[in-house]
Asker: 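Sharing a structure below in structure tokens format, with a few things to ask.
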Amino acid sequence: MRVVIVGDRLITYWKRSGDPQQPITTISRGARIDPQWKPALQQKGEIEARRLSAQTGINLAAVDFVFALADANPDPLFLEINYYFGRRGLGGSESYYRLLYEAIRDWLTACGRSPDSVRLV
């Protein structure tokens with residue numbers, strides 16, 4: 001499962017393989033993006049990503065989690081933090097830049113600066 005942190009916003013989705021025998025699940029290897037599957041586990045991952053962000057100051061990254069799905073109530077395990085990550089799960093580059101633009105404007109406002117000093121071009 002992936003949680004993308006953009007400013008204060010979190011976006012969660014799964015990268016699900018069409019082949020259960022495939023050991024690596026990536027979009028480039030045919031996995032599909034599923035934002036609906038296992039919402040309770042998505043919420044657990046979101047909680048951990050928010051905690052990571054609060055403790056470290058990370059405000060732009062994709063955090064990948066794994067779960068022991070054979071367990072009845074698995075907890076998320078951190079797999080990796082990606083600072084350079086694919087954007088398909090966010091709806092593509094245009095959607096990513098819009099999210100980033102909104103996060104920058106929110107950050108400037110929180111710092112007491114005018115958000116009008118940045119523009120999305």
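Computed from a predicted model, the values in this text were never measured in an experiment.
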Asker: Going only through I, L, V, M, F, W and Y residues with side-chain contacts under 4.5 Å, is there a path from L10 to L41?
Answerer: yes

Asker: Say whether F85 and V63 are linked into one hydrophobic cluster, either directly or through other cluster members, by side-chain heavy-atom distances under 4.5 angstrom.
Answerer: no

Asker: So which heavy atom on F67 is nearest to which on G45, and how close?
Answerer: CZ-N, 4.4 Å

Asker: Do you reckon V4 sits in the same ILVMFWY cluster as I58, going by side-chain contacts under 4.5 Å, direct or chained?
Answerer: no

Asker: Would you indicate whether N82, at its atom CG, is surrounded by more than 12 heavy atoms from other residues, nucleotides or ligands within a distance under 6.0 Å?
Answerer: yes

Asker: Please give me the minimum heavy-atom distance between F78 and L52, naming the atom from each residue.
Answerer: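 So the minimum-distance heavy-atom pair works out to CE2-CD2, 4.0 Å.
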
Asker: Do any N or O atoms from the side chain of T109 and from the backbone of R105 form a donor-acceptor pair under 3.5 angstrom?
Answerer: yes

Asker: Given the rule in the salt bridge (Lys or Arg N to Asp or Glu O under 4.0 Å) test, do E94 and R98 qualify, once you have shown the distances and angles that lead to the verdict?
Answerer: CA-CA 6 Å; E94 187 174 326; R98 193 165 310 284; 3.5 Å; yes

Asker: Would you call T12 and F65 a side-chain contact if the rule is heavy atoms closer than 4.5 Å?
Answerer: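 T12 vs F65: side chains apart.
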
Asker: Rounded to the nearest 0.5 Å, what separates atom CG in D64 from atom CG in L77?
Answerer: 12.5 Å

Asker: Drop me the distance from W37's CH2 to R16's CZ, to the nearest 0.5 angstrom.
Answerer: 5.0 Å

Asker: Can you measure from CG (L60) to OH (Y96) and round to the nearest 0.5 angstrom?
Answerer: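 Rounded to the nearest 0.5 Å, the CG-OH separation comes out at 4.0 Å.
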
Asker: Would you find a donor on one side and an acceptor on the other, under 3.5 Å apart, between the side chain of K44 and the backbone of P74?
Answerer: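 Checked: pair present.
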
Asker: Are L100 and I5 linked, directly or through other ILVMFWY residues, by side chains that come within less than 4.5 angstrom of each other?
Answerer: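 No, L100 does not connect to I5 through the hydrophobic network.
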
Asker: Going hydrophobic residue to hydrophobic residue with side-chain gaps under 4.5 angstrom, can you get from V118 over to V6?
Answerer: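 Same cluster: V118 reaches V6 through Ile, Leu, Val, Met, Phe, Trp or Tyr contacts under 4.5 Å.
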
Asker: Measure across L108 and S117 and return the closest heavy-atom pair with its distance rounded to 0.1 Å.
Answerer: CD1-OG, 3.8 Å

Asker: When you look at L90 and L99, which way does the side chain to side chain contact (heavy atoms under 4.5 Å, CB included) test go after all the steps?
Answerer: CA-CA 9 Å; L90 300 174; L99 289 167; 4.3 Å; yes

Asker: Rounded to the nearest 0.5 Å, how far does CE of M1 lie from NZ of K38?
Answerer: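 Going from NZ on K38 over to CE on M1, the span is 13.0 Å.
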
Asker: Checking Q42 side chain against P35 main chain: does a donor-acceptor pair fall under 3.5 Å?
Answerer: yes

Asker: Say you draw a straight line from CG of D75 to CD1 of I47; how long is it, rounded to the nearest 0.5 Å?
Answerer: 10.0 Å

Asker: Tell me if the CD atom of Q43 is crowded by more than 12 foreign heavy atoms within 6.0 Å.
Answerer: no

Asker: Which is it for I11 and V3 under the side chain to side chain contact (heavy atoms under 4.5 Å, CB included) test, yes or no, and what are the steps along the way?
Answerer: CA-CA 6 Å; I11 299 100; V3 180; over 6 Å; no

